[in-house]
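Accompanying notes for the structure given below.
Naming convention: chains lettered A, B, ... in sequence-line order (proteins, then strands); numbering from 1 in each chain.
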Amino acid sequence: MNYSEVFGKVVSHCKEYGFIFPSGEIYDGLSAVYDYGPAGVQLKRNLSDAWWKAMTQKFDNIVGLDAAILMPPTVWKASGHVDAFNDPLIDNKDSKKRYRADVLVEDYIEKLLEKARKEEEKLIKKGKTPEEAARMPQVKKSVEKAEAARIRLAEVVNAGDMHAFKRLIDDLEIVCPESGTRNWTDVRQFNLMFKTRLGAVADEGADLYLRPETAQGIFVNFLNVQKSSRMKVPFGVAQIGKAFRNEIVARQFIFRMREFEQMEMQYFVRPGTQSEHYRFWKEERMRWHLSLGIPAERLRYKDHDKLAHYADAATDIEFYYPFGWKETEGIHSRTDYDLRRHQEFSGKKQTYFDPETQESYIPYVVETSVGLDRTVLMHLCNAYAEEEAPTAEGGTEVRTVLRFHPAVAPTYVAVLPLVKKDGMAEAAKSIHERLKNRFFSAYDEKDAVGRRYRRQDAKGTPFCVTIDTETLSDGTVTVRERDSMAQERVSTDALESYLAAKSTGV
RNA sequence: GCGGGAGUAGCUCAAUGGUAGAGCAUCAGCCUUCCAAGCUGAGGGUUGCGGGUUCGAGUCUCGUCUCCCGCUCCA
């Protein structure tokens with residue numbers, strides 16, 4: 001079974017065992033929106049807890065934050081999202097190519113001006129002065145046409161009138177550079193940010209956006225956090241939260257969702273030192289993924305060739321998903337772009353006084369940003385396995401098992417009486433009651449013990465504790481390990497510490 | 001968004017235009033001493049949704065929605 005065959009099985013397994021459901025399924029669902037079921041939410045929470053501890057607990061100079069999803073709209077002007085996330089798009093039906101409508105018109109204008117310039121040059125060569133050449137009809141016509149198009153473009157862009165935009169493209173007789181035809185779809189405004197309104201009355205109040213990334217909540221709180229927690233550069237602010245993007249195409253299960261959760265840490269550093277911190281976090285974040293059992297051969301760095309406007313270095317940590325190598329986490333050296341822009345737009349100084357160097361500066365930022373849902377999917381894809389397992393009759397059968405790292409498995413241990421009689425069930429229940437205080441423990445007495453083992457395998461429970469007649473006489477139980485199916489006899493007194501020792505490695 | 005494919009029980013799938021079924025799973029009971037055993041019973045469906053053709057539609061037809069694959073898009 002190869003990786004891509006696994007994908008469909010993972011998706012149906014997720015539904016069958018309560019990890020992930022399509023959102024609002026009884027109403028046909030909503031594209032690219034999913035709900036986490038009982039097993040899925042625990043897996044997700046274990047992963048985010050592991051991340052939160054790896055940041056805020058492990059590092060003295062990283063503190064947490066939970067900023068609101070709604071923020072003043074100017075935040076998104078400052079961050080560049082209002083411009084970058086707003087495109088009028090049009091498709092050519094023949095070439096199937098999609099273009100930004102404003103770019104098409106601008107290219108058209110540019111072509112006209114180019115034509116005018118060439119005419120001008122020709123005329124000047126023929127002895128006209130530049131002033132005379134500019135007045136000649138063959139030049140003047142192109143320039144005027146270009147000017148008229150520019151005015152109309154500005155009008156439709158300002159009005160946000162997509163029908164007028166389409167008429168403009170039709171009127172200008174713009175053709176597709178690929179197919180050369182004018183067989184266009186309508187112009188559609190693609191806004192990757194979700195819009196909502198502040199205030200209960202529909203036509204009053206301000207337009208707001210649901211945040212398209214969580215990072216800005218950290219940037220706008222930079223000084224609040226730094227001053228209230230007496231942090232000195234370098235220090236980090238960690239945050240876990242939802243973000244929203246109106247993706248044009250959202251596919252691949254929970255890999256690209258419209259509503260998703262990010263775990264971000266912005267690390268504020270002295271300008272000039274960003275490279276060393278960038279290198280540190282690059283390695284540290286890879287180590288974290290490895291520590292939770294993701295094998296090294298399914299992880300890699302992918303350095304960015306072309307950098308975003310705000311970055312001076314960027315890399316992705318990619319996982320080999322069933323549909324290929326894809327980004328799970330990004331580590332970006334964001335320079336002082338964000339804080340500088342917020343200083344500019346808010347008029348509030350975003351500088352830090354460094355007591356060591358006795359100077360004030362806007363700190364540089366190294367960002368680690370990991371998709372929580374992608375991390376969940378990574379662990380699901382990595383954990384899913386079908387393998388031969390022995391049956392009671394001595395043959396073999398396929399067992400489906402989720403080999404989660406014990407630290408992230410939704411259920412840590414299942415307590416099973418070998419059979420329901422002779423007081424085994426009662427003994428098992430009391431062990432379960434005790435384990436519950438410390439672990440996510442499940443109790444199951446239905447069906448043969450072999451079947452119960454397989455049920456726990458399918459949910460990814462790493463340990464099963466089985467109570468048999470020996471338990472009643474000498475107080476020992478067997479602990480059955482999920483992956484090896486090996487059993488070990490452990491005294492009930494030592495059971496808790498035995499189980500606890502198995503989850504190390506985070 | 002475009003092209004192709006698919007939607008029947010929780011899952012995998014049956015059902016010449018003629019009474020919607022099986023296996024697995026779930027639940028209850030019996031039986032069962034270590035890897036999906038067995039027996040008895042129960043629940044679960046407007047066949048994705050909405051029109052049309054027909055005496056009669058899961059089946060033919062049109063539309064629509066959702067999912068999958070490819071393209072496209074993705075600071």
[X] near the nucleic acid: base, sugar-phosphate alone, or nothing, with a heavy-atom cut-off under 4.0 Å?
X: A:T478; value: base
X: A:D457; value: nothing
X: A:K420; value: base

In terms of the angle between their ring planes, are A:Y412 and A:F439 parallel, tilted or perpendicular, with boundaries placed at 30° and 60°?
parallel
Judged by nearest nucleotide, the residue sitting upstream toward the 5' end of RNA chain B, A:V477 or A:A448, is A:V477
Could you please name the partner base of [N], counting Watson-Crick and G-U wobble pairs only when both distances are under 3.5 Å?
N: B:rG45; result: none
N: B:rC39; result: B:rG29
N: B:rG70; result: B:rC2
N: B:rC24; result: B:rG10
N: B:rA57; result: none

Nearest to the side chain of [X], which nucleotide is it out of [options]?
X: A:R256; options: B:rC11, B:rC74, B:rC35; answer: B:rC74
X: A:K421; options: B:rA36, B:rU32, B:rC34; answer: B:rU32
X: A:R454; options: B:rU33, B:rC35, B:rC73; answer: B:rC35
X: A:H81; options: B:rC34, B:rA75, B:rU33; answer: B:rA75

Identify, with sequence neighbours excluded, every residue that meets side-chain hydrogen bond (donor to acceptor under 3.5 Å, both in side chains) alongside A:H379.
none
Work out how far the [atom1] atom of [N] is from that of [M], and round it to whole angstrom.
N: B:rC35; M: B:rG21; atom1: C1'; answer: 32 Å
N: B:rU59; M: B:rG48; atom1: C1'; answer: 16 Å
N: B:rG23; M: B:rC67; atom1: C1'; answer: 25 Å
N: B:rC27; M: B:rU16; atom1: C1'; answer: 38 Å
N: B:rC71; M: B:rC55; atom1: C1'; answer: 47 Å
N: B:rU32; M: B:rU40; atom1: C1'; answer: 16 Å
N: B:rG18; M: B:rC60; atom1: P; answer: 11 Å
N: B:rG52; M: B:rG45; atom1: P; answer: 26 Å

Nearest-Å distance, [atom1] ([X]) to [atom2] ([N])?
X: A:R399; N: B:rA36; atom1: CZ; atom2: C1'; result: 12 Å
X: A:F463; N: B:rC34; atom1: CZ; atom2: C1'; result: 18 Å
X: A:Q456; N: B:rC34; atom1: CD; atom2: P; result: 19 Å
X: A:E445; N: B:rU33; atom1: CD; atom2: C1'; result: 16 Å
X: A:D316; N: B:rC74; atom1: CG; atom2: C1'; result: 12 Å
X: A:R480; N: B:rA36; atom1: CZ; atom2: P; result: 10 Å
X: A:F260; N: B:rC74; atom1: CZ; atom2: C1'; result: 11 Å
X: A:E388; N: B:rA36; atom1: CD; atom2: P; result: 13 Å

Assess the side chains of [X] and [Y]: does a donor N or O sit below 3.5 Å from an acceptor N or O?
X: A:T328; Y: A:Y321; answer: yes
X: A:H342; Y: A:Q350; answer: no
X: A:H81; Y: A:Q216; answer: no

Are any side-chain N or O atoms of A:R482 and backbone N or O atoms of A:F404, one a donor and one an acceptor, separated by less than 3.5 Å?
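Flag set: sc A:R482 to bb A:F404 pair under 3.5 Å.
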If you compare every side-chain N and O of A:K15 against the phosphate oxygens of B:rG10 (OP1, OP2), does one of them come in below 4.0 Å?
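False: A:K15 side-chain N/O out of range (4.0 Å or more) of B:rG10 OP1/OP2.
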So, are A:E388 and A:R399 salt-bridged, with charged N and O less than 4.0 Å apart?
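Here A:E388 does not pair with A:R399 in a salt bridge, since their nearest N and O are not under 4.0 Å apart.
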Apply the test side chain to side chain contact (heavy atoms under 4.5 Å, CB included) to residues A:M378 and A:R374: give CA-CA distance (whole Å), side-chain angles for both, the deciding distance (0.1 Å), then the verdict.
CA-CA 6 Å; A:M378 171 170 77; A:R374 290 181 180 190; over 6 Å; no
Lys/Arg cation over aromatic A:F194: A:R258, 6.0 Å, 45° cone
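Geometry flag: not set, cation outside 6.0 Å or 45°.
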Every protein N/O within reach of nucleotides 25-27 of chain B N/O, cut-off under 3.5 Å:
| from | atom 1 | to | atom 2 | distance (Å) |
| --- | --- | --- | --- | --- |
| B:rA25 | OP1 | A:R451 | NH1 | 2.6 |
| B:rU26 | OP1 | A:R455 | NH1 | 2.9 |

No-H, no-angle donor-acceptor pair, A:R245 side chain to B:rC74 base, under 3.5 Å:
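Checked by distance alone, the answer is no.
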